[in-house]
Amino acid sequence: MVANSHNNSAKEIVQVTSSRYRCAVAAAVISAVFCVVVCAFMFMNHGRSKMVGTAEETTLADLRLEIRSDPDNEQLLSRIRQFDMQVRQQRIRAIDRARKGSYLLLGSVVVLIISLRLAISFKTKSPSPEPGTDQLIEQVKKAKFARWAVTSGLLILALGSLFLATRPEIDFAKASAADTASFNMEDVAKNWASFRGPNGAGISTHTNVPTRWNGKTSEGILWKTQVPLPGNNSPVVWGDRVFLSGADPNNRQVFCFDTSSGGLLWKGDVLGLPKGNEEPLEMMEETGFAAPTVATDGRRVYAIFPTGDIGCFDFKGKKVWEKNLGRPDSAYGYSSSLAMYQNLLLIQYDQGGVEDGISELIAIDGFSGRIVWQTKRPVGNSWSSPVVVNIGEQFQLLTCADPWVIAYNPAELDDIRRKIIQYQIELEALKKESDEASKERLINTEKQLDELKQQDTELWRANCLTGDIASSPIYANGLVFVIEPYSKLVAIKADGKGDVTETHIAWVSEEGGPDICSPISNGESIFLLATEGLLECYNVSDGKRLWEKDLEEYFMASPSLVGNKLYLLSDKGIMFIAEVGSEYKELAKCELGEKCHASPAFADGRIYIRGVDNLYCIGSSN
Amino acid sequence: MRPLRNILLGLAVSLILSGATTGVERFPPPDFTETDHVIPSPTSPGPRQDVYEYIDAVVLLVALGLASYLVLKKRNRRAILTLTVFSLLYFGFWRKGCVCSIGALQNIVFSIFDPDYAVPIVVVVFFLLPLIFTLFFGRTFCAAVCPLGAIQDLVLARPVSVPVWAENGLRLLAYVYLALAVLFAATGSAFVICRYDPFISIFRLSGSLNILILGGCLLLIGMFVGRPYCRFLCPYGVILRQLSRLSKWRVTITPDECIQCRLCEDSCPFGAIRKPAVQWPAQEYYVAKKRLALLLLLLPVLVFFGGWAGSGLKGVTSKAHETVRLAEQIYLEETGQTEEVTDASTGFRATGQQIKELYEQASNIRAKFEFGGWILGGFIGLVIGLKLIGLSVWRQRTDYETDRAGCLACGRCYKYCPREHVRLKKMKEVAGKW
């Protein structure tokens, strides 16, 4: 009886335990399934919330672009608000779902763990150690394997360290000594980084440039690609990229083409801020809406337009910054190209009359777009471009307008740029402080900043020009050459200080001068090309005219020099190739078959020519 | 390396300066009275009032005391489990896993090497209290107070035994992790313990998906392998292991004498029970003696080559510092090896700072990593050498004992011991041997 009673009790216990076990397992399975389902929903929710560029966001981005040109459009504003609300609601709902899901998941995981542990506890067996194993031998063996495991760990660590330690690392000491500036003159010389290339001289450092091509038969034409918007600016080449800008009354864009195929890699809009009640800009047809040539430092490309808008893009087409300097007051439309020194973007912003006193030289930090320095120029509006030239061991920024030719020190500008940025950052921080000591520091810093901004960086100036100056200066053989249209060619010694009008003008030739094209020189002779087609050659040392030749074509592009060959691109797209010598000797005439106003750019074995509609790459496929 | 007095001086200064950590809001945010808009907190978890931090310290003290009592005196697994759940809820979910004792290690190290950093007193308390309790009572902090250990302990469902060789090999990871965490904290580069805390996303119910997946994987493993993070990764656990070897009181499986019934052999899910070893294995004696001598001679060699290898890793380890990363990015941009720019490089260029200065700073930081690498590598070499020596030394043992360093004081082994049942009067004492 007693035994039966014990057996019955044991059976009951087993049954109860078994049913509890089944309950626990069922709860575990249900909660596990619930966990998986919740996880799946949360992953989906996470994936959807990570998606960018949904239809609503794309529409919103487009609307935001549209509102810039029509800021008072109430209907547009209302749509923007509506789509913005939709996008925000989507995001907030996703966050809310994630939060609720995480609570559900936590709860279900807790239930899962509790039910699993209960289930396992119902099935846990009592310990029953195996008899008769030799503990000593077993422990010795385990220790041996453990030693091998630790030794293997040591070997893995050693091999891993060896692999990681032998990877190349940057030597900062060497880098510091090498002074790797982004504006590396060797790189600049290899590329055509701004208007008329290195030093703004129009001289190609590559001599393996084509001398024969025909646009009609496509002989010698590697590729030809349409430029989306018109412009008279010249191509700029860096590595495997060619840059142009184009504009019409409503659009301003920068284009990047692939040098190997001519394919348009990207185009960037320089829209500018809404102008409010400003009247639409009217430009002379000859100037166009995109006359200034872009500039690049090998990392970014910069463009300026006659509206005063400046845009900066990286080489992938991402806009880095954009700003507006105010519409310049320029009689024929602003057309001065950009110049660069180190990280500085240099803008000759001549406008109005001399007496108006509103012309400026502006220096902008290329990386941030901050104006770091600007100075008034005692000149009227001009259409020439500033050039940065290497004279001896110093760089000079040469500018010319009516009446002054002024040279600045760009290295000092760069130094001022650094200090100004640091002061500006300090000022921003001090403005947030309210104690007396900070207020005093603020006043002192502002004073130091003003002094710095007014710091004179002029090297020399010469009063020698009048009229509408459009030709840019060049430097050759110790002399800076500038042109007064239809009037004279002036040679100024470049080693002066202060006002050198009376002391450093080497010679003046009053045989006339071009009104648009900039001169070119090989150091011995200097060549002037008039719009009407008259090519003149002067002696650099004394300004004596050596010869002249009427090419009977119109020219708006400035002449270029490749080795001892002159390249002269006419308005009709005909390239006259002539040998430099004691007289004019034509070597070739190559027709493009399209009108051209912009100066060409030269690269290794290639010439890039912008026609009014297309960009051409002249070269050999070899 | 700073002498000991500098370290003590640094700690003392930290304690004093931590009083200066109370800040006032200098730029109060705008008041949205019309719309009742609530400005979301920019930090997670948000800053707490000072008084709560002191409450947390008191709770930690009480929890440690209670854990020690429950483990050593009461020997009650259920009570330990209850405290574990409380610790998980309080230190894990309520305080969102911050400040924790494991991460506090980095704050202390950083404050020693950076005189401008004042470590809060609460952080010092969170770092020191568990160490002090471990020194006296063993790893009672790990038993029922550490939230990371608590969450792993609770998911442990069906423990499998990890082979001894794997246990010893994997445990090296914790030493490497500790060395790297100290190096990065000392150089002001990163708090990697916090950054890669695997359970923080679970405690905060938000955060990096990668960390959430890491935590999930560790918990999944933890269902079968007991406390994988604590045993193989926890850098604070490395310190606790060493202090636990010296502890005055410690967990014993039996409340009084061991009767070698062998019932507790497989009771520990963490492999922390040492079986008796009464005899020196005679056939191994000569070989073991030679091996031990060789390892002792090899120890300084391991330390030296470890240090040398560690110093050689300066190029890799220094990348953890943002200045070095920035300098490398700037260098790549300057030399045209990349066309991509980063926010950091753009921001740097906007400051107008000379690139040469940046390179010099990066160079100096790398030199610190080279020096730190010597110490890191030497430490790892020392650890490996001592481990090999430890595995070559035979310790005599008559009873079933807990491993002084490895025992996490969870109390699971108590119920397997018949002497414990006698103590609890669940069983009558039987005269004679079992």
Side-chain angles (χ1 to χ4, degrees), chain A residues 46 98-99 102-103 106 113 116-117 120 126-127 129 135-137 139-140 142-143 145-154 157-158 161-162 164-165 167-170 172-173 175-176 179-182 187 298-299 314-316 320 343 365-368 370 372 417-422 425 432, chain B residues 27 154-155 157-158 163-169 172 176 202 205-206 209 223 262-267 275-277 279 281 284 302 309-310 312-313 315-316 327-328 331 333-336 339-341 346 349-356 359-360 362-363 366 377 380 384 387-388 391-392 416:
Chain A
H46 179 76
R99 193 166 44 238
S102 60
Y103 283 122
L106 182 67
I113 289 169
L116 267 179
R117 285 177 68 118
I120 287 167
S126 300
Q135 296 278 350
L136 290 175
I137 293 174
Q139 286 176 22
V140 165
K142 282 182 181 174
F145 288 151
R147 284 193 298 272
W148 277 114
V150 172
T151 309
S152 305
L154 170 65
L157 283 172
S161 303
L162 190 66
L164 290 172
R167 286 176 68 171
E169 65 183 49
I170 296 166
F172 292 120
S176 192
D179 190 16
T180 49
S182 59
D187 287 340
R299 310 282 178 268
D314 67 15
F315 269 32
K316 287 203 180 307
V320 180
N343 297 332
D365 175 49
F367 286 99
S368 63
R370 282 191 213 227
V372 291
R417 171 192 73 92
R418 275 190 245 278
K419 288 178 186 162
I420 283 178
I421 287 175
Q422 280 167 354
I425 291 170
K432 291 179 187 166
Chain B
F27 308 111
L154 291 173
V155 302
R158 188 144 205 141
V164 170
W165 63 266
E167 178 99 28
N168 279 278
L172 288 178
V176 174
I202 297 170
L205 298 179
S206 74
L209 182 62
M223 290 175 75
R262 299 177 59 207
L263 291 174
C264 64
E265 260 183 10
D266 297 321
S267 63
K275 296 173 185 175
Q279 241 174 289
E284 291 285 326
L302 282 173
L313 289 174
V316 173
E328 289 186 350
Y331 179 83
E333 288 174 17
E334 292 289 293
T335 52
E339 285 170 2
E340 303 266 354
V341 294
T346 308
R349 291 186 195 277
T351 64
Q353 187 188 349
Q354 296 260 15
I355 290 176
K356 269 189 186 177
Y359 287 159
E360 274 169 30
S363 217
R366 210 182 252 168
I380 300 296
I384 291 176
K387 210 172 227 336
L388 289 170
L391 288 168
S392 304
Y416 288 85

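The chains referred to below are lettered A, B, ... by the order of the sequence lines, with proteins before strands, and numbering in each begins at 1. Keep in mind it's a predicted model, so treat the numbers as computed, not measured.
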[X] portion near chain A, given a 4.5 angstrom heavy-atom threshold:
X: B:Lys387; answer: side chain
X: B:Leu172; answer: side chain
X: B:Val155; answer: both

Subject >> Residues B:Arg366, B:Glu328: salt bridge by 4.0 Å N-O rule >> reply: yes
Which atoms of [X] are under 4.5 Å from chain B, going by heavy atoms: the side chain, the backbone, both sets, or neither?
X: A:Leu106; value: side chain
X: A:Arg147; value: both
X: A:Leu164; value: both

Among [options], which has the most heavy-atom pairs under 4.5 Å with chain A?
options: B:Ala327, B:Ala309, B:Pro163, B:Ser267; answer: B:Ala327
options: B:Leu209, B:Ile380, B:Leu302; answer: B:Leu209
options: B:Val164, B:Leu205, B:Asn168; answer: B:Leu205

Taking all atoms of both residues into account, what is the closest heavy-atom pair of [X] and [Y], and its distance?
X: B:Leu313; Y: A:Ala165; value: CD2-N, 3.9 Å
X: A:Ile113; Y: B:Leu154; value: CG2-O, 3.2 Å
X: A:Ala149; Y: B:Trp165; value: CB-O, 3.1 Å

Original post:
Hey, which of A:Leu154, A:Leu116, A:Leu157 has the most heavy atom pairs under 4.5 Å with chain B?
Top reply: A:Leu154
Original post:
Hey, what do you get for OG (B:Ser363) to OH (B:Tyr359), rounding to the nearest 0.5 Å?
Top reply: 11.5 Å
